[in-house]
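To start, the structure itself, in structure tokens.
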Amino acid sequence: MKNTELAQALPLTPVVNVAGTMTYLGSSIVVPEAIDAILKILPEFVRMEELQRFASGVIAQLTGAEAGFITASCASGISMAVAGCLTQDNLLAIEQLPELSTPKNEVVVQAGHLVSYGAPVEQGIRLTGAKCVRVGYATQCSAYHLRQSITERTAAAVYIVSHHVVDHGQLPLALFCQIAHEQGVPVIVDAASEYDLQRFLAEGADIVIYSGHKFLGGPTSGIVAGKKSWVRYAWLQNRGIARGMKAGKESVYGTIAALQAWQKRDHHAIRERENRALTLWMSGLQNRKGIRVSLEADPTGNPLSRCKIEVDPAQAKITAWDLCSALAAGKPAVIVRDHQAELGYFYLDPCNLHPEQEHIVLAKIAGELDNAQRAPEPIITDFGQYLLQREQSILRWPD
């Protein structure tokens, strides 16, 4: 069912996604192989542990891990991995969480990694009953900060790979793992939106958690991969706090299919298609008054670029955040990557476009820029008021 057809069947606003693999937009376009797998397994019964055992083999093949399993999301995978480090295979302790009966109850995280991905990283840790220990400072973490934050109470160390984290002054993963392992502490890596399925384990992580529904194009799910012992401890949390985080048969089998399809995907052809959209946007916007366009590589090393659009409100007669809001308010709603709009720019991400939607994006941006030029007054909302408006929209229950 196409987006427009879905909007006719349900009271939904058609969406053109140039924000990226965002959970609040449904993350990604699910690949046909995953859709077929879901349809095949939905009418059937399976022994879930057998299905997960098969998933473990597929995960191990692609990631180089010793074992793995599928859970409800990357966020749940983090909580399960942390809980596993707290309880290991103590079944009573598993049932008692988040009340702790084990001596190790702390998890260390670099301060610059304590971000929100829609919910705070720290909360996902605290759900287990563990105490989150901030290491270093937001913009600077040294080896001695980590080394001296680890004590006899430290159960795990968590490392976040994301465009949200502070991008300087942080310990590289290999050094982070070296210091943690010197003191017998396992390392958990959140790599939700990463292409590279082998790098983080190769650099020393004990468990790596990926999203199954972002670049992989599977159903909503998380992939836990790593050393067999730590993966097993995480899996056992299904008998405790992870009961509400379980993945259904359709999610497990659909994610398996997405992983298998990833090996056969023509990544070069995908990059070419994305680059055509980027070229269209660059050429179509470069001479716009008050607009500067450029290409920027993905900050975590994924093999893709995005179109950066810088807005000079004095010339464009509109701010970056007001332009983002106007695009989102249209039909179709064009949702851009706006997490840095207060700095005067936003991004267009081509990875989730349906055919020809790049032209819709260009036309919508051009139309809003024309509207701003014709407006009797510049469209400039105070950024503080803009934030308050967004807060109110979060609190508003749909009518």
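- Counted within 6.0 Å of CD on Glu182, heavy atoms from surrounding residues, nucleotides or ligands total more than 12; the atom is thus considered enclosed.
- Classification of Lys317 and Asp322 as a salt-bridged pair fails, no side-chain N sitting under 4.0 Å from a carboxylate O.
- Around the CD atom of Glu377, the shell of radius 6.0 Å holds no more than 12 heavy atoms that belong to other residues, nucleotides or ligands.
- A salt bridge is absent between Arg306 and Glu296; no separation between the charged side-chain nitrogens and carboxylate oxygens falls under 4.0 Å.
- Between the side chain of His267 and the main chain of Trp262, a donor-acceptor pair closer than 3.5 Å is present.
- Criterion: ILVMFWY side-chain heavy atoms under 4.5 Å apart, direct or through other members. Under it, Leu369 and Trp281 are part of a common hydrophobic cluster.
- In this structure, Phe45 places its CZ atom where only 12 or fewer heavy-atom neighbours from other residues, nucleotides or ligands lie under 6.0 Å away.
- Side-chain contact annotation: Thr63 with Gln198, donor-acceptor N/O pair under 3.5 Å absent.
- More than 12 heavy atoms of other shown residues, nucleotides or ligands fall within 6.0 angstrom of atom CZ in Arg374.
- Put simply, Phe200 and Trp230 are part of two different groups of oily side chains (I, L, V, M, F, W, Y) that touch within less than 4.5 Å, one to the next.
- We find that Glu122 and Arg134 are joined by a salt bridge, their nearest charged nitrogen and carboxylate oxygen being less than 4.0 Å apart.
- Rounded to the nearest 0.5 angstrom, Glu274 CD and Leu348 CG are separated by 13.0 Å.
- Salt bridge Arg53/Glu50: absent, no basic N to carboxylate O contact under 4.0 Å.
- Leu201 and Ile188 are members of different hydrophobic clusters when ILVMFWY side chains are connected at heavy-atom separations under 4.5 Å.
- Side-chain atoms of Ser79 and Thr128 form no donor-acceptor pair, as typed in the model, at a separation below 3.5 Å.
- Residue-environment remark: CD (Glu49) stays at or below the threshold of 12 foreign heavy atoms within 6.0 Å.
- For the 3.5 Å distance criterion, the side chains of Gln237 and Thr87 qualify, holding a donor opposite an acceptor.
- Other residues, nucleotides and ligands place no more than 12 heavy atoms under 6.0 Å from the CZ atom of Arg292.
- Figure legend: cation-pi geometry between Lys214 and Tyr195 absent, as NZ or CZ is not positioned both under 6.0 Å from the six-membered ring centre and within 45° of its axis.
- Between the side chains of Asp206 and His181, at least one donor-acceptor pair of N or O atoms lies under 3.5 Å.
- Between the side chain of Asp298 and the backbone N or O of Thr300 there is at least one donor-acceptor pair closer than 3.5 Å.
- By the 4.0 Å N-to-carboxylate-O rule, Arg288 lies too far from Asp312 to be salt-bridged with it.
- The environment of Phe215 atom CZ is dense: over 12 non-hydrogen atoms of other residues, nucleotides or ligands sit within 6.0 angstrom.
- Crowding of Lys308 atom NZ: a count of heavy atoms from other residues, nucleotides or ligands under 6.0 Å exceeding 12.
- Aromatic ring orientation, His164 versus His339: perpendicular (interplanar angle above 60°, classes split at 30° and 60°).
- Between the side chains of Ser142 and Gln140, at least one donor N or O lies within less than 3.5 Å of an accepting N or O.
- By the rule that hydrophobic residues join a cluster once side-chain heavy atoms approach within less than 4.5 Å of another member, Ile41 and Leu259 end up as members of one cluster.
- Taking 4.0 Å as the cut-off between side-chain N and carboxylate O, Glu44 and Lys40 do not count as a salt-bridged pair.
- Clustering ILVMFWY residues whenever any of their side-chain heavy atoms sit less than 4.5 angstrom apart, transitively, puts Leu327 in the very cluster that holds Val311.
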